[in-house]
Amino acid sequence: MSTAIPLERFVCQNPACPAQHHAQHGTIKLRRRYGPHRRRLLKCTACGAEFSELKGTPYWNARCSQDTVDAVVEHVTHSNSFVTTGHLVGCHRTTVARIVRVAGSHARHLHDLNARDLKVTSIQADERYGFVGRKKEAVWDATVIDPSSKFLIQGEIGERTAALTQSLLKHARARLTDPHGLVLFTDGFLSYQTFFPEVFGRPYRPARQGSRGRFPKTAYRIPRSAAHVRIIKEYSGKRIVNVRTEIAAGTQVRVNEELQRLGYHNNTSAVERQNATARRMNPHLARKSLAFARLRIHRESLAHLVQGIDNW
């Protein structure tokens, strides 16, 4: 597995190394082999640091074989609980939880490094309901997805509040090349309408009336290239009886232009399908299951792991 990876693809694991993020420079050399699996101990010629070939991967310090780690990730991302995964793989549930935490952290770091300067013209945002600790304690998974490529841009976990929406949109905006040239499709949750001008608009300072008093608060202009569409579903019990569309910001011309490019009418189908896929992959999102997360860190780690597998 890892022994087949060429040395040119490795980078130094020393944070103080001047060549830490530079591969293909020939600074990584084979120092020796160690252990029963004959793993490679590598050395950086730029700073002299030595490290294992598994350093910086989910296999590092796993205290089990790479095949076991792969099997745990495979089973746990196919809606199997930690206990069930432990029985299938042949390890304890705490080992499964530790591997999920490490792999989830690695997937999140991988996403942060690579999901940058994304060129998108529209995004869809939605939340999915779940639990943590106990079924009375609800925790929502909020996501932003590119409906054209189905790439999951950003995910946040927390209570369904305005703070969660603001954090979701701001972190998604930071990953985009042009945050002022897109159309946002959301459901009827009012927090999206509240924070859309602040996150995707252009700030300006209104003129003060007279020469006394405080200056007006910062206001935001919506560019002609941006728009926000709300798809509001009306329910009777658990059944949808009506769906209406509302343009909360921007123009109908810009919305029609984006819909023609996407090839369908106003909806949030891309993110809703991704929500359904996540529920099949993540046992913590199964509403009628006893496999919901006991600890918040497990809920977050598994969410990042599922997102990483879905994207990368």
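- A donor-acceptor pair under 3.5 Å links the side-chain atoms of R116 to the main chain of D112, judged by distance alone.
- Between Q274 and R279, the side chains place no donor N or O within less than 3.5 Å of an acceptor N or O (distance only, hydrogens not considered).
- Note that R221 lies in the cation-pi zone of Y204, set by a 6.0 Å cut-off to the ring centre and a 45° limit from the axis.
- Considering only heavy atoms from C-beta on, I5 comes within 4.5 Å of R40 through its side chain.
- Using a distance-only test at 3.5 Å, with no hydrogens or angles considered, a donor-acceptor pair links the side chain of N311 to the main chain of L152.
- Between A248 and R230 the shortest heavy-atom distance is CB-CD, 3.9 Å.
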Report the C-alpha distance between Q260 and E258 in whole Å, list the side-chain angles of each, state the deciding distance to 0.1 Å, and finish with yes or no for side chain to side chain donor-acceptor pair (under 3.5 Å). CA-CA 5 Å; Q260 184 176 6; E258 186 62 28; over 6 Å; no

Between Q252 and N256, does a side chain to side chain donor-acceptor pair (under 3.5 Å) hold up when you go through it step by step? CA-CA 6 Å; Q252 184 69 58; N256 291 340; 2.7 Å; yes

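- R261 and T121 share a side-chain donor-acceptor pair at under 3.5 Å.
- The backbone N or O of T84 lies less than 3.5 Å from a partner atom in the side chain of S81, making a donor-acceptor pair.
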Given the rule in the side chain to side chain donor-acceptor pair (under 3.5 Å) test, do H109 and S105 qualify, once you have shown the distances and angles that lead to the verdict? CA-CA 6 Å; H109 183 61; S105 176; over 6 Å; no

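- Looking at S167, its side chain never comes within 3.5 Å of a backbone N or O of A163 through a donor-acceptor pair.
- Legend: residues meeting salt bridge (Lys or Arg N to Asp or Glu O under 4.0 Å) with E50, ordered by chain and number and at least two apart, are R31.
- You'll find the side chain of L164 reaches within 4.5 Å of the side chain of T161, heavy atoms only.
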Before giving the answer on ring-ring contact (aromatic ring centres under 6.0 Å, His included), spell out for W140 and F131 the whole-Å C-alpha distance, their side-chain angles and the decisive distance to 0.1 Å. CA-CA 8 Å; W140 295 75; F131 312 95; over 10 Å; no

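- For the atom pair CG (N282) and CG (D141), the distance works out to 7.0 Å, reported to the nearest 0.5 Å.
- Side-chain contact check for E198 and Q166: at least one donor-acceptor pair (N or O, by modelled atom type) lies under 3.5 Å.
- Two residues are said to be in side-chain contact when any heavy atoms from C-beta on lie closer than 4.5 Å; H111 and Q307 meet this criterion.
- Once rounded to the nearest 0.5 Å, the distance linking CG of L184 with CG of L169 reads 6.5 Å.
- Taking 4.5 Å as the limit, every side-chain heavy atom of D126 sits out of range of all side-chain heavy atoms of Y192.
- Between the K150 side chain and the P147 main chain, a donor and an acceptor come within less than 3.5 Å of each other.
- E234 is not listed as a side-chain neighbour of V243, based on a closest heavy-atom distance of 4.5 Å or more.
- Electrostatic pairing of E300 and R296 counts as a salt bridge here, judged by a charged N lying under 4.0 Å from a carboxylate O.
- By the 4.5 Å side-chain criterion applied to Ile, Leu, Val, Met, Phe, Trp and Tyr, V253 is assigned to no cluster and stands alone.
- At least one donor-acceptor pair under 3.5 Å links the side chain of T57 to the backbone N or O of L54.
- The side-chain heavy atoms of F200 and I123, taken from C-beta on, include a pair separated by under 4.5 Å.
- A salt bridge links E272 with K233: at least one charged nitrogen is closer than 4.0 Å to a carboxylate oxygen.
- The CG atom of L118 sits 11.5 Å away from atom CG of L182, with the distance rounded to the nearest 0.5 Å.
- M281 is not listed as a side-chain neighbour of H78, based on a closest heavy-atom distance of 4.5 Å or more.
- Under 3.5 Å, the side chains of S191 and T194 contain no donor-acceptor pair of N or O atoms.
- A donor-acceptor contact shorter than 3.5 Å is absent between the side chain of R205 and the backbone of F215.
- Summarising the geometry, atom NE2 belonging to H37 is positioned 6.5 Å from atom OG belonging to S65; distances are rounded to the nearest 0.5 Å.
- For the pair R93 and F82, the cation does not sit on the ring face, since its NZ or CZ is not both under 6.0 Å from the ring centre and inside 45° of the axis.
- Looking only at distances, a side-chain donor or acceptor of T77 sits under 3.5 Å from a matching main-chain atom of V73.
- Taking Ile, Leu, Val, Met, Phe, Trp and Tyr as hydrophobic and joining them when side-chain heavy atoms fall under 4.5 Å apart, one finds L88 isolated, its cluster having no other members.
- Heavy atoms only, all atoms of each residue included: A107 and L305 are closest at CB-CA, 4.1 Å.
- Note: T165 OG1 to K170 NZ = 12.0 Å, rounded to the nearest 0.5 Å.
- Residues T268 and Q124 bring no donor and acceptor atom of their side chains to less than 3.5 Å of each other.
- With D310 contributing its side chain and V306 its backbone, the two residues share no donor-acceptor pair below 3.5 Å.
- For the residue pair A162 and F195, the shortest heavy atom distance occurs at O-CE1, 3.4 Å.
- For the pair V100/H298, no side-chain contact is recorded, criterion being any heavy-atom separation below 4.5 Å from C-beta on.
- With no hydrogens or angles considered, a side-chain donor-acceptor pair links N267 and S269 at under 3.5 Å.
- From R202, atom CZ reaches atom NE2 of H180 across 4.5 Å, with rounding to the nearest 0.5 Å.
- By the neighbour-count criterion of 12 heavy atoms within 6.0 Å, atom CZ of R208 is densely surrounded, having more than that number from other residues, nucleotides or ligands.
- There is a side-chain donor-acceptor pair under 3.5 Å between T186 and H228.
- Cation-pi check for R160 over F189 is met; the charged atom lies under 6.0 angstrom from the ring centroid and within 45 degrees of its normal.
- In the model, D70 has a side-chain atom that pairs as donor or acceptor with a side-chain atom of Y59 under 3.5 Å.
- At distances below 3.5 Å, not a single donor-acceptor pair connects side-chain atoms of S301 with backbone N or O atoms of G104.
- Remark: D146 does not engage R175 in a salt bridge, criterion side-chain N to carboxylate O under 4.0 Å.
- Of all non-hydrogen atoms in A249 and I222, the two that sit nearest each other are CB-CG1, 4.2 Å.
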